[in-house]
Number of protein chains: 2
Amino acid sequence: MARKIGRRGGNIVTIHDVARHVGVSPMTVSRVINGEKNVREETRAKVMASVEELRYSPNLAARSLATQDSARIGLLYSNPSVAFLSEFLLGILSESSQSGAQLLIESCEGPEGATVALEKMKAAGCDGVILSPPLSDSSRVAKILKEMNLPFVGVAMARPDPTVSCVTIDDLKAASAMTRRLIELGHTRIGFIKGHPNAYASQIRYEGFEAAMKKAGLEIDQSFVGQGYFTYRSGFDAAERLLSHKTRPTAIFASNDDMAAGAVAAAHRLGLEVPDQVTVVGFDDTAMASSVWPELTTVRQPISDMAGLSVRLLLDQIKAHRSGRSFEAVREVRDFSLIERQSSANVAGPDYAPAKRASDS
Amino acid sequence: MARKIGRRGGNIVTIHDVARHVGVSPMTVSRVINGEKNVREETRAKVMASVEELRYSPNLAARSLATQDSARIGLLYSNPSVAFLSEFLLGILSESSQSGAQLLIESCEGPEGATVALEKMKAAGCDGVILSPPLSDSSRVAKILKEMNLPFVGVAMARPDPTVSCVTIDDLKAASAMTRRLIELGHTRIGFIKGHPNAYASQIRYEGFEAAMKKAGLEIDQSFVGQGYFTYRSGFDAAERLLSHKTRPTAIFASNDDMAAGAVAAAHRLGLEVPDQVTVVGFDDTAMASSVWPELTTVRQPISDMAGLSVRLLLDQIKAHRSGRSFEAVREVRDFSLIERQSSANVAGPDYAPAKRASDS
DNA sequence: CTGAAAGCGCTTACAG
DNA sequence: CTGAAAGCGCTTACAG
């Protein structure tokens, strides 16, 4: 097994070792590794085999030095849910470390704060910016970035904008799907807790709920609709109100998991069993959803993957920007999924609930 | 402002630009940046100024390629609290991306699972391993690693072991300090929810509680001590039992935040106000603590920093290991702090609570 | 205290 | 379809 002793004495398998082992040039190995065409199938197979055998794995530092695609990217956030944010960050960090991008993280309050933060990023030499929701939907922030001539990508944008690259799910469909599921379970008096009014997704999710209710011929009792702010506390308060009506909803759909967790707590406080007496469902599938009890049925949004993909998109965009090429904005729509856990049940009670349709993985 | 047009057209300030700007060699700039001695103070100042002016910032990829200290490190975890884990991961990821280390993440159940996971890591070419709690306290896992001749560092080790490098806090002191604080607030009937029995920290935290109670001349009512498993649900169940006694505790100290959040929910369920009728405090200061309502008073353990530091320690250790140097195990003890939020109050009620001593930052 | 040379592991651009 | 040369930005090891 070919090994090389580096200056520091480490022993690492390099592309040269593989090349020698196979009897080709390092260039060919590089081609195979990067999945380029123009390599004979036979050569490719031999190289692959050798890579396996020698346990070769490319040195990321060398690669990013050679490709010159190391970039500095900024992450601008302002999000009330820590759970959401940490999952988001996880995706960004793991992707940017893989692609050798340097990261600069700034938070901001409101669009004024955004201006300050973005100027700081520009000054620090950022080549592009990732926007977390609800910033990704802010046309003001987008305008600032365009004026600064900085590439950027929005994550979880709810308002389609053909001029801005983004990674998102279809919030409207997702909210509709969850609502339909509740209706399937026999619920007709369904409450809804809206998200923060400054987030466009809040509006879209409510519209999805509305649409599904309408389609099923169900009426929305406005006293069953509460305003929340994406925080646990706001979900608690809103749910407490909704559940205090003489005729109360049999299910509550909260626009995120933090609020759903708060709603469960409010139900418990009022002596109501979840899901036996009230079904509560959330949105996002953050750590919060599986940290509370009962664990929350929710809409899974692959936050971490979406964030990771946004880094790759931004890097492409930066490359194009650097070389003066024009760049077409792309809108990547990821699939959501319904995750059924213990906080939801048939209106007749959990014993009557049909088989689970999806599971936590 | 000196700029260089790379092959790909990007424009980046390099060490050469700074050197030219100051009129020294790149070598000297490198020395200044790395804080080496053997540079005249005057030269150093000029270089620094130029670095500022040109906004130079070193290319991490080039550095880690040149220093050859890129390593592959494995992270082995098994932790029931998602909140804990994600903060832990954040620290690991951000540090390993800064130091250009490649990361391999594996989870495992029990020591048998550990063997499999560690062999996988070894096969994948890992140069060292980070252990999250409670694995960091497992002497079996330590033994396997030693037999494999793989450097490793434990995070949040509760059981001191002079042969193993680790980053930790003093769990005993921390639990005592929180207990003292509860006593200061006038509580005498204090309940305690233990952590998972497989975690050594569970035991130590309980000992800290015991010690402080004893010192204050207070008795521990064993019916006020519940067994938990670090999950929300277990905290909920345990608290429900503790609070159902005829004379109930006026404060509950849970061994982590997830359980404390569950305890708050249980109190609410029983119609008890927090903190008016029961004070509930946690441990760790994870996202959970500030995501629920009331927000939790807790012991802050700088998980993310500790995890980051563990990566640096491991990297040093790997370097030593590679060059055949011997390596002394180090035990880095970080400071904990008491974070007082809304879930705790004077036994006479929140209106009598003294001024806050610490705040969330 | 300072610098010239060589090299880290990979890829680009070019030539065949 | 394949390869030889040069270079990415930095640091090590050596010489002065």
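Lettering follows sequence order; numbering is per chain, from 1. Every heavy atom of this structure was used, including side-chain atoms; hydrogens, water molecules and symmetry mates were not.
Residue A:Arg20 contributes atom CZ, which lies 16 Å from atom C1' of D:dG3 at whole-angstrom precision. Atom CD1 in B:Ile15 sits about 19 Å away from atom P in C:dG7, given to the nearest Å. In this structure, CG of A:Leu60 is placed 10 Å from P of C:dC10, rounded to the nearest angstrom. In this structure, A:Leu65 places its CG atom 9 Å from C1' of D:dG7, rounding to the nearest Å. We find that NZ of A:Lys46 is positioned 15 Å from P of D:dC1, with the value rounded to whole Å. Summarising the geometry, the separation between CD1 on A:Ile33 and C1' on C:dC10 is reported as 9 Å, rounded to the nearest angstrom. D:dT11 atom P lies 12 Å from atom NZ of B:Lys319, rounded to whole Å. Rounding to whole angstrom units, CD of residue B:Glu42 and P of C:dC1 are separated by 12 Å.
No engagement by B:Pro26 is indicated, since no non-hydrogen atom pair under 4.0 Å with the nucleic acid exists.
Dashed line: the shortest gap from a side-chain N or O of A:Ser25 to OP1 or OP2 of D:dT2 is not under 4.0 Å. For A:Asn34 and C:dT11, the shortest distance from a side-chain N or O to OP1 or OP2 is below 4.0 Å. Listed pair B:Thr43 / C:dC1 fails the phosphate criterion, with no side-chain N or O lying under 4.0 Å from OP1 or OP2. The side chain of A:Arg63 places an N or O atom within less than 4.0 Å of a non-bridging phosphate oxygen (OP1 or OP2) of C:dT11. Checking the phosphate oxygens (OP1, OP2) of C:dT2, no side-chain nitrogen or oxygen of B:Thr28 falls inside 4.0 Å. For C:dT2, neither phosphate oxygen OP1 nor OP2 lies less than 4.0 angstrom from any side-chain nitrogen or oxygen of B:Arg31. Between C:dT11 and A:Thr67, no contact under 4.0 Å exists linking OP1 or OP2 to a side-chain N or O. A sub-4.0 Å separation between OP1 or OP2 of D:dC1 and a side-chain N or O of A:Asn38 is present.
In this structure D:dA4 sits in no base pair that meets the Watson-Crick or G-U test at under 3.5 Å. Checking D:dA13 for Watson-Crick or G-U wobble geometry (two distances, each under 3.5 Å) identifies no partner in any strand.
Looking at A:Asn34, its side chain never comes within 3.5 Å of a backbone N or O of A:Glu36 through a donor-acceptor pair.
In the displayed structure, A:Lys143 atom NZ is contacted under 6.0 Å by at most 12 heavy atoms of other residues, nucleotides or ligands.
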Hey, mind stepping through A:Leu75 and A:Glu106 against side-chain contact (heavy atoms from CB on, under 4.5 Å) and telling me if it holds?
-> CA-CA 6 Å; A:Leu75 165 59; A:Glu106 292 281 345; over 6 Å; no
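Counted by atom type alone, A:Glu332 and A:Thr168 present zero donor-acceptor pairs between their side chains at under 3.5 Å.
Side-chain proximity of B:Asn59 to D:dC10, C:dG3, C:dG9: nearest is D:dC10. Comparing atom distances between the B:Met27 side chain and each of D:dG7, C:dA4, D:dT2 picks out C:dA4 as nearest. Taking only side-chain atoms of B:His16, from C-beta outward, the nucleotide of C:dC10, D:dC10, C:dT12 with the closest atom is D:dC10.
Across all non-hydrogen atoms, the minimal contact from A:Leu76 to A:Met121 is N-CE, 4.0 Å.
Heavy-atom nearest nucleotides on DNA chain C were determined for B:Ala62 and for B:Gly23, and the one closer to the 5' end corresponds to B:Gly23.
The CE atom of B:Met157 sits 11.5 Å away from atom CG of B:Leu135, with the distance rounded to the nearest 0.5 Å.
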